[in-house]
Amino acid sequence: MPVLRTQVAIVGAGPAGLMLGHLLHLRGIDSVILENRSREYVIERVRAGVLEQGTVDLMTSSGVGDRLQREGMRHDGIYIAFDGARHHIDMAALTGGRAITVYGQNEVVKDLIAARIESGRPLHFEVEQVRPQGFDGTSPLVGFVENGERREIACDFIAGCDGFHGVCRESVPADRLNVYEREYPFGWLGILAHARPSSAELVYSNHRRGFALFSMRSPQVTRLYLQCAPDESLDAWPDERIWTELRLRLEMADGWRPNEGEIFQKGITGMRSFVVEPMRFGRLFLAGDAAHIVPPTGAKGLNLAMADVSRLAAALTRYYESGSEIGLDSYSEASLRRTWRAQRFSWWMTTMLHRPPDESAFDHKRQLAELDYLVNSRAAMTSLAENYVGTAFED
Ligand code: APR
Ligand code: PHB
């Protein structure tokens, strides 16, 4: 059987795996990236699009930020809407100038794939039966099948960057995993439409009919979401029903509402909070969605993945440069601390803005009081702003 040899075998070519491979390449560390989907699928998969300052800084400092600098849309604030009015939260003013940038996750992936190909380092798409093995010892292996041929990679470390449904977390015996999980009784129906964004900043709306979110992808493309049942079928949502519902939930007393246009992409996602502890098992390190999922309300998923791999790349670099395992030993604890802060924030944003099916009159009044406090207290707005823009990546 042909055996490849590398320093770090990376499973998954999402943002986490690709960024890890890129950061290692810049430090002269060799890696092989294995992805079970096709290149087109990975590039075209529509996901979130809010980058924290830390993610933007990481992309820029690592030389993959050119298009992001040109095409990314910097947002200094967001709106929180309820009772027919939008309330502005000036995040930059509240955080000493930090902001978020709207740039689709698939654009991030496209830029990272281009950098990988330019580096000449291996990136294998459409591989099957990926099997991480031997990570409790000193010589891990990753088995896989490519073009019907069984192959193996011998490596020093395995990075499990293969998302929530990946194989790496699954390959750890269940009794070594501590899982913390919460499913929400709703999902998001998301669309992309050819329509000029009617606001320069995002609008998160709490409405009696359910949550809705106004976002964008470019000066010509509006992105919109509405709360729906978790098991909702897209067949039940012809375009006209989507626009009717969005108008009801997003039109404000002052007449503001999203511009409308041709819908060219639709999808439904469930909402879940999930964390696995620890994030390291011997020579296997989990990063990104493989280790944790957040509901999208706080826009943290991609950013947490980037913070993980930034830390993991620094730890591996330190190991290869000096033999020190300090960074590797603290990876799990440090990453989990950031993860739990993001979990708390995402859960809070989600419960404040959505309408659960079993909501009591008390719950609804409490929610409105929370929103009222938020938009009238500088302390409360600062807390939201600080969490939303995110703290600097530590490594
Ligand atoms: N073998 C190889 N690759 C796999 C396997 C497998 N068994 N299982 C999954 N993958 C691939 C997926 O096809 C995907 O391309 O791993 C990749 C994981 O990428 P993501 O799911 O995007 O996860 P991650 O890179 O951690 O990115 C973080 O941020 O906005 C959020 O959830 C969103 O994807 C996002 C995430
Ligand atoms: C998006 O633009 O896709 C988006 C924006 C904000 C979120 C989630 C998704 O909280």
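Note that ligands are numbered from 1 as they come in the structure, with each ligand's atoms numbered from 1 the same way. Position 1 is the first residue of the sequence; numbering continues from there.
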field: Salt bridge flag under 4.0 Å for residues Glu386 and Arg98
entry: no
message: With heavy-atom distances below 4.5 Å as the criterion, would you say the side chains of Ile80 and Leu384 are in contact?
response: yes
Minimum-distance protein heavy atom relative to atom 29 (O) of ligand 1: Leu302 N, 2.9 Å
Ion pair check, Glu181 and Arg272, cut-off under 4.0 Å: yes
- request: Write out the residue and atom name of the closest protein heavy atom to atom 8 (C) of ligand 2, then the distance separating them to 0.1 Å.
  value: Pro296 O, 3.3 Å
- prompt: Where is the nearest protein heavy atom to atom 5 (C) of ligand 2: which residue, which atom, and how far?
  reply: Val50 CG2, 3.5 Å
message: Given Val294, Val11, Asn36, identify the one with the heavy atom nearest to atom 4 (C) of ligand 1.
response: Asn36
statement: Quick note on ligand 1: atoms under 4.0 Å from a heavy atom of Cys161 include exactly 16 (O), 17 (C), 18 (C)
field: Per-atom contacts, ligand 1 versus Leu34 - under 4.0 Å to a heavy atom
entry: 2 (C), 3 (N)
task: Could you list which atoms of ligand 1 come closer than 4.0 Å to a heavy atom of Gly163?
output: 18 (C), 21 (O), 23 (O)
- prompt: atom 30 (O) of ligand 1: which protein heavy atom is closest, and how many Å away?
  reply: Gln105 OE1, 2.7 Å
- prompt: Is a salt bridge present between Arg121 and Asp30, judged by a nitrogen-to-oxygen distance below 4.0 Å?
  reply: yes
Option with minimal heavy-atom separation from atom 27 (O) of ligand 1, where the choices are Ser171, Pro15, Gly288, Gly160: Pro15
field: Side-chain heavy atoms of Ser205 within contact of Phe211, under 4.5 Å
entry: no
- prompt: Does Phe274 have its ring centroid less than 6.0 Å away from the ring centroid of Tyr180?
  reply: no
- line: One finds that the ligand 2 atoms under 4.0 Å from a non-hydrogen atom of Gly49 are 1 (C), 3 (O)
Arg247/Glu240 ion pair, N-O < 4.0 Å: yes
- prompt: If you count the atoms of ligand 1 from 1 in the order shown, which ones are under 4.0 Å from a heavy atom of Gly166?
  reply: 8 (N)
- prompt: Are side-chain heavy atoms of Tyr320 and Arg27 found at a separation under 4.5 Å?
  reply: no
query: So between Arg47, Met19, Gln129, whose heavy atom ends up nearest atom 22 (O) of ligand 1?
result: Arg47
Pair Phe125 + Tyr41: ring centers closer than 6.0 Å: no
Arg217 touching ligand 2 at heavy-atom level, < 4.0 angstrom: yes
- request: For atom 11 (C) of ligand 1, find the nearest protein heavy atom and state the residue, atom name and distance (0.1 Å precision).
  value: Glu35 OE1, 3.2 Å
message: Please list, in number order, the atoms of ligand 1 under 4.0 Å from a heavy atom of Gly301.
response: 29 (O), 31 (C)
Atom 19 (O) of ligand 1: nearest protein contact (heavy atom, Å): Gly14 CA, 3.4 Å
- prompt: Below 4.0 Å from any atom of ligand 2, is there a heavy atom belonging to Leu213?
  reply: yes
statement: In ligand 1, the atoms that come under 4.0 Å of a heavy atom of Arg37 are 13 (O)
field: Close aromatic pair by centroid cut-off 6.0 Å: His292 and Phe164
entry: no
Identity and separation of the nearest protein heavy atom to atom 25 (O) of ligand 1: Ala16 N, 2.9 Å
task: Please confirm whether Arg45 comes within less than 3.5 Å of ligand 1 when only nitrogen or oxygen atoms on both sides are compared.
output: yes
query: Any chance the rings of Phe214 and Trp256 have centres within less than 6.0 Å?
result: yes
For ligand 2, the portion of Val102 having any non-hydrogen atom under 4.0 Å away: neither
- prompt: Does an N or O from Ser215, backbone or side chain, lie closer than 3.5 Å to an N or O of ligand 2?
  reply: yes
field: From Tyr204, Phe214, Tyr388 - option closest to atom 7 (C) of ligand 2 by heavy atom
entry: Tyr204
field: Main-chain N/O of Arg209 paired to Arg249 side chain as donor or acceptor, under 3.5 Å
entry: yes
query: Cation over ring, Arg283 on Phe157, under 6.0 Å and within 45°?
result: yes
message: Please list the nearest protein heavy atom to atom 9 (C) of ligand 1 with its residue and the distance rounded to 0.1 Å.
response: Asp162 O, 3.0 Å
field: Ring centre gap for His194 and Phe264 strictly below 6.0 Å
entry: yes
- request: Kindly identify the option in Val108, Thr269, Ile293, Val167 whose heavy atom sits closest to atom 7 (N) of ligand 1.
  value: Val167
task: Check ligand 1 against Asp289 and write out every atom of the ligand that is under 4.0 Å from a heavy-atom position of the residue.
output: 23 (O), 26 (O), 28 (C), 29 (O), 32 (O), 33 (C), 34 (O), 35 (C), 36 (C)
query: Without hydrogens or angle criteria, can the side chains of Glu277 and Trp340 be said to hold a donor-acceptor pair below 3.5 Å?
result: yes
message: Counting non-hydrogen protein atoms only, what is the nearest one to atom 1 (N) of ligand 1? Give residue, atom name and distance.
response: Val130 CG2, 3.6 Å
message: So for ligand 2, is Ala48 a polar contact partner (N or O within less than 3.5 Å, distance only)?
response: no
statement: Atoms of ligand 2 under 4.0 Å from any heavy atom of Leu202, numbered from 1 in the order shown, are 5 (C), 6 (C)
task: Just say parallel, tilted or perpendicular for the rings of His87 and Phe82, cut-offs at 30° and 60°.
output: parallel
query: Mind checking whether Tyr225 has an N or O less than 3.5 Å away from an N or O of ligand 2?
result: yes
message: Quick check on the hydrophobic clustering: are Leu304 and Val389 connected, directly or via other members, by side-chain heavy-atom contacts under 4.5 Å?
response: no
